[in-house]
Amino acid sequence: MSAIQPPTSTAQLMQRAEALAGHSLGELAEQFRAQLPDNLLLEKGWIGQFLEHLLGASAGSLPQPDFPELGVELKSIPVDARGKPLESTFVSVVNLQQPHLESWHTSVVRLKLSCVLWLPILTERHQPLTARRIGMPLLWRPNQAQWQILQSDWEEAMEKVCLGQFDKLNARFGEALQVRPKAANSRVLTTVTGRDGEPTQTLPRGFYLRSGFTQTILQSLAY
DNA sequence: AGTTGATCATAC
DNA sequence: GTATGATCAACT
């Protein structure tokens with residue numbers, strides 16, 4: 001795959017993204033000489049990483065937006081024929097080690113969600129990767145009500161971390177932003193501080209946007 | 001059928 | 001192990 005220069009403006013990024021709309025992953029893979037994986041199960045993040053390349057993203061695996069100069073985060077989102085998200089959206093890992101050093105204002109969650117370029121992937125169950133088409137991109141900045149929900153969810157989760165309540169740090173909390181495991185498997189553990197200040201181990205977690213929240217974003221911006 | 005917990009690839 | 005990119009599969 002040839003290297004693609006980072007976009008110099010958000011407008012240019014949007015132009016690039018709009019140019020992808022309507023094309024199938026098969027077409028784009030052929031055009032850019034990329035090798036589509038035989039099995040998405042074995043490379044779950046392939047589509048997202050492919051689109052990053054096509055649009056010139058540069059942040060790599062750093063905890064910052066995909067386009068640092070523009071402050072724009074790219075999210076590919078599988079949607080059905082009605083435009084409904086099929087999955088939740090991973091945002092970032094949860095800092096379980098130093099939660100007291102975290103604040104909402106400087107959090108990676110706030111940084112990444114300040115401006116998101118949603119790129120819908122029209123997806124049907126069992127549909128081959130090559131046949132899936134890119135939808136129209138949407139640039140989203142949270143409104144005041146959305147920010148309030150996100151901050152509230154984030155603070156609720158981080159409070160549990162600060163208190164060492166890792167048993168309560170599950171997917172049942174959070175109106176828009178939920179916490180779920182984020183690891184290679186359930187045997188992966190990370191060292192944290194427990195309820196009584198003692199070192200203990202727990203499963204790494206990540207922040208995810210619930211699909212219902214994402215659905216309202218996509219629908220409100222579609223008109 | 002929607003949600004929660006589990007899992008896969010890769011770079012460093 | 002921790003960060004990125006996510007989807008799968010079991011459970012309710």
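Chain identifiers are assigned alphabetically (A, B, ...) following the order of the sequence lines, protein sequences preceding nucleic acid strands; residue numbering begins at 1 within each chain.
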**Message:** Side chains of V72(A) and D66(A), heavy atoms from C-beta outward: is any pair under 4.5 Å?
**Reply:** no
Send over the distance from [X] [atom1] to [N] [atom2], rounded to a whole Å.
X       : N      : atom1 : atom2 : answer
D80(A)  : dA1(B) : CG    : P     : 13 Å
N39(A)  : dC8(B) : CG    : P     : 12 Å
L209(A) : dT3(B) : CG    : P     : 14 Å
L189(A) : dG1(C) : CG    : P     : 8 Å
L203(A) : dT2(C) : CG    : P     : 11 Å

**Asked** If you find the nucleotide of DNA chain B closest to Q178(A) and the one closest to N185(A), which residue's nucleotide is nearer the 5' end?
**Response** Q178(A)
**Asked** Does R187(A) place a side-chain N or O at less than 4.0 Å from the phosphate oxygens OP1/OP2 of dT7(B)?
**Response** yes
Can you name the residues that form a ring pair (Phe, Tyr, Trp, His ring centres under 6.0 Å) with [X], not counting sequence neighbours?
X       : answer
W104(A) : W147(A), W154(A)
F166(A) : none
F90(A)  : Y208(A)

**Prompt:** With sequence neighbours left out, what residues match E18(A) under side chain to side chain contact (heavy atoms under 4.5 Å, CB included)?
**Reply:** M14(A), M136(A), P137(A)
**Complete:** Under a 4.0 Å heavy-atom criterion, the protein footprint on nucleotides 4-12 of chain C, written with B, S and -, is BBBBBS---
**Asked** Can you list every pair that meets salt bridge (charged side-chain N to carboxylate O under 4.0 Å, His left out) and has a residue in residues 20-30 of chain A, with sequence neighbours left out?
**Response** E27(A)-R133(A)
